[in-house]
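Some notes on the structure that comes next.
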Amino acid sequence: MEVSEKAMNTLVNVSESMFPGISTTYNKKNAQIRGHMSRLGNEVVSSLPLQVSLYLNVVYFPVWLSILLMVSVVKFPLLNYLYKFILVTVLVAFVGIEVIRLYLGYLGNLQERVPELAGFWLLSVLLQLPLASFLLFNTDLILVPLETAAGIIMFIFIIIELIIGFFALRTMTRHQ
């Protein structure tokens, strides 16, 4: 049963508007099958749970940052000079490291690159976990319940990404 050219073009246009890039993927797949160039045996080792947690962390990070900045502005005059300096330093470091960490996580997981994923994991263990712990558990920073709730969620994200990232990194290194 042949489909007319007009119906085929309509179908391609509708599917392209709903799923951008599907026609190029379909054309490449057909060319590979026709040309006997399909490679069998390629296994995708990217971790879907890690990608989901990274995505949710990227979505939550601006919310966490806005909550922390609003609370910090309110409590800043109440802190002594040492904790003012420490709070600003930790927040600047946390934001910079978090952006780099999430970028490395995305790049390492989606492109199946071990060095980037290892960098993501090491930044999580060595820098983000201690900084998040300091912001969450140091009572001298005059913790507010909203800040504590937001910090707990961020801390849980980091712990989950550490656990899932370890297994994803192990799977990826064993595959290569």
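The chain is numbered in sequence order, starting from 1.
Here the CE-CG distance, from M154 to L68, works out to 9.0 Å after rounding to the nearest 0.5 Å. Atoms CG and CZ, on L131 and F155 in that order, are 11.5 Å from each other to the nearest 0.5 Å. Atom CD1 in I158 sits 12.5 Å away from atom CD1 in I163 (nearest 0.5 Å). The CG atom of D140 sits 12.0 Å away from atom CG of L87, with the distance rounded to the nearest 0.5 Å. Note that the CD atom of E116 and the CG atom of L110 stand 11.5 Å from one another [nearest 0.5 Å]. Distance check, rounded to the nearest 0.5 Å: CG of L122 to CG of L127 gives 9.5 Å.
Side-chain contact check for L141 versus E147: every heavy-atom pair is 4.5 Å or farther apart. Side-chain contact between F134 and I86: present, with at least one pair of heavy atoms (C-beta onward) separated by less than 4.5 Å. Put simply, the side chain of N57 reaches to within 4.5 Å of the side chain of L102, judged on heavy atoms. For the pair L135 and L91, the minimum side-chain heavy-atom distance is below 4.5 Å. Residues L54 and F120 form a side-chain contact, since some pair of their non-hydrogen atoms from C-beta on lies under 4.5 Å apart. A 4.5 Å side-chain heavy-atom check between I97 and I100 finds every atom pair outside the cut-off. By the 4.5 Å heavy-atom criterion applied to side chains, Q128 and L162 are not counted as neighbours.
Close placement of the W64 and F94 rings is indicated, their centers lying within 6.0 Å of each other.
The hydrophobic cluster containing V74 does not contain L65, counting ILVMFWY residues as joined when their side-chain heavy atoms lie under 4.5 angstrom apart, directly or transitively. Cluster annotation: V59 and I152 are assigned to the same hydrophobic cluster (Ile/Leu/Val/Met/Phe/Trp/Tyr, side-chain heavy-atom contacts under 4.5 Å, transitive). In the hydrophobic cluster analysis, where Ile, Leu, Val, Met, Phe, Trp and Tyr join through side-chain heavy atoms closer than 4.5 angstrom, I67 is grouped together with L78.
Within 6.0 Å of OH on Y55 lie no more than 12 heavy atoms contributed by other residues, nucleotides or ligands. In this structure, Y103 places its OH atom where only 12 or fewer heavy-atom neighbours from other residues, nucleotides or ligands lie under 6.0 Å away.
Judged purely by atom type and a 3.5 angstrom limit, N109 uses its side chain to pair as donor or acceptor with the backbone of S47.
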Under the side chain to side chain contact (heavy atoms under 4.5 Å, CB included) rule, what do S124 and R101 come out as? Steps first, then yes or no, please.
-> CA-CA 7 Å; S124 300; R101 186 181 78 89; 2.9 Å; yes
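Between Y60 and F157, the ring planes are tilted. Angles from 30° to 60° get that label.
Contact detail for E161 and L50: the closest heavy-atom pair is O-CD1, 4.1 Å.
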